[in-house]
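To start, the structure itself, in structure tokens.
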Amino acid sequence: MDRNLRIHVYDTQRALARAAANAFVASAGEVLSTRDRFTVALAGGSTPKTLYALLASELRDTLAWNRVHFFWTDERFVPPDDSESNYRMARDALLEPLGVPQENVHAPDTGGKPGDAAERYQDAMRAFFGSGLPRFDWILLGMGEDGHVASLFPGSSALEETERLVVAVHDSPKPPPVRLTMTLPLLNAAREIHFLIAGRRKRDAFSKILRQENAHLPAQQIRPNDGTVDWWVDLEATNA
Ligand code: 6PG
């Protein structure tokens, strides 16, 4: 198995979230000891909610949150206050409780046309990171039962993107159908990629990952050029 791929299994979702939260704090603390900011791309979906809540409560005093900058790996193309919004979930569970300054919150604007919004989000990222391929310190990803990551779904043309950092997706099999997503070149430029996987529904996809079965899952295309991948999984998601 790839030496840069590390798997951590925990009995319960809460133990899993706590371990991943501690790893986040450790990584951010290490980066912030030598650099002025720590850049994060948050996952969508529901699994990260417990992790966010732990960071915003028990671990709130462990970091200088005004030096942490938050982006999203993907976003549903809905208004920011929509119940389906990944930004809204993170705002309510993490950003507002921590008092993260607005200038540290780099959520994609989901107004106008999806293609234009994708370009605006990409431009904002390039402006923030400067020249070259943006390299996030920490990218948090979930995984769907079909092995999708962010809003990169099996068979999607978005998986073939080699130039753009962000693209619009119009046919997501997971509702809502229209989304913005980071692409593989951007995701694979990260220093650290962390998957947070919980629940029996993920067992089949995760076992294919473990067996390194040639299943053409989007999650199997997450191979950072010069970084690490940690899988944080609960027992339910493993065959154990
Ligand atoms: C989304 C996410 C998506 C999610 C997985 C897992 O916007 O839905 O980006 O990739 O991370 O589908 O979702 P759950 O954590 O809800 O199982």
Side-chain angles (χ1 to χ4, degrees), residues 28 31-32 35-45 48 52 65-82 84-91 94-96 98 100-142 148-153 156-172 174 176-194 218 221-227:
V31 167
L32 291 173
R35 287 201 277 119
D36 63 353
R37 65 192 190 184
F38 185 68
T39 56
V40 182
L42 296 175
Y52 296 167
W65 294 100
N66 62 338
R67 295 170 64 198
V68 182
H69 285 263
F70 295 92
F71 293 75
W72 276 259
T73 61
D74 65 321
E75 183 54 282
R76 294 86 179 270
F77 207 71
V78 296
D81 271 324
D82 189 294
E84 290 283 350
S85 166
N86 289 332
Y87 157 74
R88 175 180 163 181
M89 191 274 267
R91 179 196 69 192
L94 180 68
L95 305 175
E96 275 191 356
L98 283 175
V100 173
Q102 199 50 40
E103 60 269 23
N104 291 39
V105 178
H106 310 272
D109 165 17
T110 54
K113 293 180 183 170
D116 296 343
E119 206 167 317
R120 285 199 303 273
Y121 189 36
Q122 174 174 286
D123 291 347
M125 229 176 275
R126 287 198 186 285
F128 179 86
F129 281 92
S131 61
L133 190 54
R135 190 170 190 218
F136 282 88
D137 293 310
W138 176 292
I139 290 189
L140 180 67
L141 288 172
H148 77 255
V149 292
S151 289
L152 298 169
F153 292 88
S156 168
S157 58
L159 287 165
E160 311 308 321
E161 180 60 46
T162 57
E163 300 301 324
R164 290 176 291 173
L165 306 179
V166 182
V167 295
V169 167
H170 297 269
D171 54 357
S172 165
K174 176 180 182 183
V178 184
R179 292 150 170 259
L180 303 181
T181 186
M182 288 185 178
T183 57
L184 289 174
L186 177 56
L187 294 170
N188 282 327
R191 290 179 196 284
E192 295 186 37
I193 294 179
H194 294 263
Q221 298 185 58
I222 295 297
R223 292 187 294 274
N225 317 319
D226 177 18

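None of the values given here were measured: they were computed from a predicted structure.
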Test item: [X] side-chain N/O and [Y] main-chain N/O as donor-acceptor pair under 3.5 Å:
{"X": "Arg135", "Y": "Ala189", "answer": "yes"}
{"X": "Asn225", "Y": "Asn188", "answer": "yes"}
{"X": "Ser172", "Y": "Val178", "answer": "no"}
{"X": "Arg67", "Y": "Asp36", "answer": "yes"}
{"X": "Thr73", "Y": "Ala150", "answer": "no"}
{"X": "Glu103", "Y": "Val105", "answer": "no"}

Evaluate whether atom CD of Glu119 has more than 12 neighbouring non-hydrogen atoms of other residues, nucleotides or ligands under 6.0 angstrom away.
->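 No, CD of Glu119 has 12 or fewer neighbouring heavy atoms, counting only those of other groups under 6.0 Å.
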Test the Arg179-Phe153 pair against the cation-pi criterion, namely NZ or CZ under 6.0 angstrom from the six-membered ring centroid and within 45° of the ring axis.
->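 Geometry flag: not set, cation outside 6.0 Å or 45°.
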Drop me the distance from [X]'s [atom1] to [Y]'s [atom2], to the nearest 0.5 angstrom.
{"X": "Leu98", "Y": "Arg91", "atom1": "CG", "atom2": "CZ", "result": "14.5 Å"}
{"X": "Met125", "Y": "Leu133", "atom1": "CE", "atom2": "CG", "result": "10.5 Å"}
{"X": "Leu180", "Y": "Met182", "atom1": "CG", "atom2": "CE", "result": "10.5 Å"}

Would a 4.5 Å heavy-atom cut-off, applied to side chains only, mark Leu140 and Tyr52 as touching?
->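 Contact flag for Leu140/Tyr52 side chains = yes.
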Answer whether the closest heavy-atom distance between the side chains of Asn86 and Leu42 falls below 4.5 Å.
->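 Heavy-atom side-chain distance check fails, nothing below 4.5 Å.
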Testing Tyr121, Phe77, Trp72 for ring pair (Phe, Tyr, Trp, His ring centres under 6.0 Å) with Tyr87, which one passes?
->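 Among the candidates, only Trp72 passes.
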Qualifying residue for ring pair (Phe, Tyr, Trp, His ring centres under 6.0 Å) with His69, from Phe129, Phe38, Phe128, Phe136 |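 The ring pair (Phe, Tyr, Trp, His ring centres under 6.0 Å) with His69 is passed solely by Phe128 among Phe129, Phe38, Phe128, Phe136.
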What pair of heavy atoms forms the shortest contact from Met89 to Gly45, and how long is it?
->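 Of all heavy-atom pairs spanning Met89 and Gly45, the closest is CE-O, 3.0 Å.
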Minimum heavy-atom separation for Pro224 to Ala190, with atom names?
->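 Residues Pro224 and Ala190, closest heavy atoms: CB-O, 3.9 Å.
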Who pairs with Arg35 by side chain to side chain donor-acceptor pair (under 3.5 Å), at least two apart in sequence or on another chain?
->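 Testing Arg35 for side chain to side chain donor-acceptor pair (under 3.5 Å), a comparison that skips the adjacent residues, returns Asp137.
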